Structures are given as C-alpha cells and as structure tokens.
Amino acid sequence: DSIGQECRLTDLKNEADRQCIADFFQADTARDTLRGKRLGLIGEISDWLVASDVAGETLASKLGIELVRIPWKDVRDYNECTPDPGFLSAYAADASHNIADAGRVHTALSDLVTDRRLDAITVECFSLVKANSVTACLALSKLNDDGIPAGCEGDLASIAGIMLVKEVTGIIPWMANTVKVDADRAKFAHCTAPAGLMSKFKIETHYETGRGTSIKGEFAGDDVTLFRIDRTLGRAFLECGTIISRPSSTDACRTQIEVMLPEASAAVLKHAPLGNHHLIIPGDHREKLRMFCRRTNMTVTNA
C-alpha cells in the first residue's frame, strides 16, 4: 500500500547512485544537526525587506531552529569593548579606515553569541550605522569566517538558509543582493562577505551610507551555486552558474559578481523571485541541497 513516501531504487555499483545515497545521509545529518540550534535576531527585520520575515514557529517546526529575539538595548555598548587582536590583523587597513570601531562591534557581537549560547545571528545593522557611523559588515564577515553564521538586515529567511547550507555543504555562503537580472545572467552585490571566500579584498566604506567600513572583495573561483528559501520554508530557488565578471561599479554594494545562468532560472529570478537576497556558494552543490529540500518538503521552484 502507498504511504506517500518518495522512493528510489539504487545500484551500489553505480557511482552516481552511491553519491545519491551519500547525499541522502548528509541531508538527514544536516536536518538532525539543525534541531536545537539557537538563532539570534538582533534588533528588528529591516523594514524594506518584503519576503524575509520567518515566524519563529515556522523555524521551529520546519528546521528545529529556536528564534531568540534580542533588542539592541540588550547588546553591550560597543564603545565599552576592546577589539580582538585577531580581528585587527584579519582586516589590516590603511589609516583612512577606522577598523578599531568595527573590531569593538565584533567583540560586542561575539560576547553576545557566547552569553546567549547562540549558534547564528542576524543583525539589523542600519540602526547601528545611522546612530554611530559604525557598521557591522566586518564583524559579520569575521564571525562567518570563524564558523558562526552571521547575516545582516535581520533577514530571517537568508540566515536560516545560511545555517542549513553550512550543515549540508560545510560552507558558510555569501548573502548578496540581486542587483540586476538579464536574459542569461544576474548581478549580485553586498557590503559584507566572508573574507575566506575572497581571493583578495580591501576595506571600503559602506555603500548606502558612505560611513563605517565594508569589504570590497573578489569572489574566488568561477562556478557557484545560488540558493534562496522563502519565508514559509516551503519553497527554494536552486541553480548553478558561472562567474563571468567581478565588476567594480560605484552604483552597487562593494563586493560584486556577474553570474551566467540558464535562461529559465534567470527568468525565475527576474519575474518570480523568492526574495532579494540570495546565497552564493563556491562550487556546485545542487544535488546535496536538492536532497535536503526533498527531506524537508521544500519545493525547488525552478526545477
């Protein structure tokens, strides 16, 4: 009798089938590892985001992630913090950029992660830069490089995606804005990125405000996986593309890439996106992520 469970026959002598089995177990391991993770939302979800507010109940029921809401007033004043020497050495910059304040923000956020036993954070960062002319871009980059998923703008859909990508692939991806989509390519950009994903980078100011510090980097490698889940955690966009340029436009956030994509997927990005932010992962991880989506009842919209 049918019980509604998807089944697949496999041949252990077939390499592709063996990889499918490995992806199946990796997906199940990732699903189990996510259960009980604590995600901190610092501040609120940025009010210009229209598809990124995931209910705490949805995070818990779909992925087993506990949402911890933390107002900025409960975060230690960064002015009272001391920059970590490891942070300062990681982002050595010329004297025109004050990375000491960015280092103090990093210390404040790192202490919060420890004190609240958080496994990941997403930060409403614009209130910080507007009030103090200091950004969280470098702090989030360092947290990501240290293995702690950290996103910006309070985007809960994106940070949930980052958390699951880390468990499925072992990589913390770059969260980037979709800047422009043409028939067979798309441009992505953001002011924060894990420095470990860059072949080289330099420190710049934050694009929208001209204040603080951000990362202007060159994304390493050529083939990338694009991934995005929606606010219901029921749908996902998943595609592989090739970086064809690394622009340096003054009209977009500091780190930028242009990616060649299949026309059908570019059309989905242009006409029916699940949100603006997309996750950029070096390499082709479609099968692993597709298997995770199957195991968690997510529909890949552009399949």
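Because only heavy atoms are used, hydrogens play no part in the values below, and waters and symmetry mates are left out as well, while side chains stay in. Computed from a predicted structure; not experimentally measured. The residues of the chain are indexed from 1 along the displayed sequence.
- Side chain of Thr169 to main chain of Ile171: a donor-acceptor pair is present (N/O by atom type, distance under 3.5 Å, no hydrogens or angles).
- Between the side chain of His271 and the backbone N or O of Leu269, no donor-acceptor pair lies under 3.5 Å.
- A donor atom on one side chain and an acceptor atom on the other are not found under 3.5 Å apart for Thr107 and Asp84.
- Considering every non-hydrogen atom in both Ala160 and Leu63, the closest pair reads CB-CD1, 4.3 Å.
- For the residue pair Lys270/Thr178, the side-chain donor-acceptor check at 3.5 Å is not satisfied.
- The closest side-chain heavy-atom distance from Val68 to Leu118 is below 4.5 Å.
- A distance-only check finds a donor-acceptor pair linking the side chain of Thr255 to the backbone of Gly217 [under 3.5 Å].
- At a threshold of 4.5 Å between non-hydrogen side-chain atoms, the residues Val123 and Leu140 count as touching.
- Nearest heavy atoms, Ala157 versus Ala51: CB-O, 4.2 Å.
- Arg104 and Asp101 are joined by a salt bridge, as a carboxylate oxygen and a charged side-chain nitrogen come within less than 4.0 angstrom of each other.
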Could you please spell out the steps behind the side chain to side chain contact (heavy atoms under 4.5 Å, CB included) verdict for Thr122 and Glu153?
CA-CA 7 Å; Thr122 183; Glu153 300 177 46; over 6 Å; no
Let's go through Thr296 and Leu233 carefully: what are the C-alpha distance in whole Å and the side-chain angles of both, what is the deciding distance for side chain to side chain contact (heavy atoms under 4.5 Å, CB included) to 0.1 Å, and is it a yes or a no?
CA-CA 9 Å; Thr296 51; Leu233 307 186; over 6 Å; no
Test side chain to side chain contact (heavy atoms under 4.5 Å, CB included) applied to Phe237 and Asp230, step by step
CA-CA 9 Å; Phe237 175 91; Asp230 77 338; over 6 Å; no
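- The closest donor-acceptor contact from the side chain of Arg31 to the backbone of Arg295 lies under 3.5 Å.
- A 4.5 Å side-chain heavy-atom check between Leu138 and His106 finds every atom pair outside the cut-off.
- Using a 4.5 Å cut-off on side-chain heavy atoms (C-beta onward), Arg185 and Ile244 make contact.
- Cluster membership for Leu88 and Phe201, using ILVMFWY side-chain heavy atoms within less than 4.5 angstrom, is shared.
- Side-chain contact between Leu279 and Arg228 is absent, with no heavy-atom pair separated by less than 4.5 Å.
- Atom CG of Asp28 sits about 9.5 Å away from atom CZ of Phe292, to the nearest 0.5 Å.
- Ile257 and Val179 fall into different hydrophobic clusters, defined by Ile, Leu, Val, Met, Phe, Trp and Tyr side-chain heavy atoms under 4.5 Å apart, directly or through other members.
- A donor-acceptor pair is defined here as one N or O able to donate and one able to accept, closer than 3.5 Å; such a pair exists between the side chain of Asp284 and the backbone of Arg286.
- Considering only heavy atoms from C-beta on, Ser52 stays 4.5 Å or farther from Arg231 through its side chain.
- Using a 4.5 Å heavy-atom cutoff, the side chains of Pro173 and Ile280 are not in contact.
- Between Val168 and Ala30 the shortest heavy-atom distance is CG2-CB, 3.7 Å.
- Atom CE of Met198 sits about 6.0 Å away from atom CH2 of Trp174, to the nearest 0.5 Å.
- Note: the hydrophobic cluster containing Val259 also contains Val300 (ILVMFWY, side chain heavy atoms under 4.5 Å, direct or indirect links).
- Scanning all heavy atoms of the two residues, the minimum distance from Cys240 to Pro262 falls at O-CD, 3.9 Å.
- Clustering ILVMFWY residues whenever any of their side-chain heavy atoms sit less than 4.5 angstrom apart, transitively, puts Val50 in a cluster other than the one holding Ile45.
- The line from CG of Leu197 to CZ of Phe219 is 5.0 Å long, rounded to the nearest 0.5 Å.
- Without hydrogens or angle criteria, Glu124 side chain to Glu44 main chain gives a donor-acceptor distance under 3.5 Å.
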Begin from the C-alpha positions of Phe227 and Cys293 and carry the test side chain to side chain contact (heavy atoms under 4.5 Å, CB included) through to its verdict.
CA-CA 11 Å; Phe227 186 62; Cys293 290; 4.1 Å; yes
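- Criterion: ILVMFWY side-chain heavy atoms under 4.5 Å apart, direct or through other members. Under it, Ile159 and Leu49 are part of a common hydrophobic cluster.
- Here Asp119 does not pair with Arg38 in a salt bridge; the nearest charged N to carboxylate O distance is not below 4.0 Å.
- Summarising the geometry of Cys125 relative to Cys152, their closest heavy-atom pair is SG-CB, 3.5 Å, with the distance given to 0.1 Å.
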Salt bridge (charged side-chain N to carboxylate O under 4.0 Å, His left out) evaluation trace for Asp32 with Arg35:
CA-CA 5 Å; Asp32 291 342; Arg35 293 192 183 106; 2.5 Å; yes
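- Panel note: side chain Tyr91, backbone Lys142; a donor-acceptor pair is recorded below 3.5 Å.
- For the pairing with Pro149, the side chain to side chain contact (heavy atoms under 4.5 Å, CB included) check across Glu167, Met175, Lys37, Lys166 returns one residue only, Lys166.
- Here the CG atom belonging to Asp23 is positioned 9.5 Å from the CZ atom belonging to Arg294, to the nearest 0.5 angstrom.
- With hydrogens and angles disregarded, a donor-acceptor distance shorter than 3.5 Å links the side chain of Asn144 to the backbone of Ala150.
- The minimum heavy-atom distance linking Gly86 with Ser89 is given by the pair O-OG, 3.0 Å.
- Side chain of Ser141 to backbone of Thr192: no donor-acceptor contact under 3.5 angstrom is found.
- In this structure, Leu261 CG and Leu226 CG are separated by 6.0 Å, a value rounded to the nearest 0.5 Å.
- With a 4.5 Å cut-off on side-chain heavy atoms, Ile243 and Glu258 do not count as touching.
- Between Thr242 and Asp223, the side chains place a donor N or O and an acceptor N or O closer than 3.5 Å (distance only, hydrogens not considered).
- Between the Asp182 side chain and the Asp184 main chain, no donor and acceptor come within less than 3.5 Å of each other.
- Note: His277 and His190 have tilted aromatic rings, judged against thresholds of 30 and 60 degrees for the angle between ring planes.
- Interatomic distance, Ser110 OG to Phe87 CZ, rounded to the nearest 0.5 Å: 9.0 Å.
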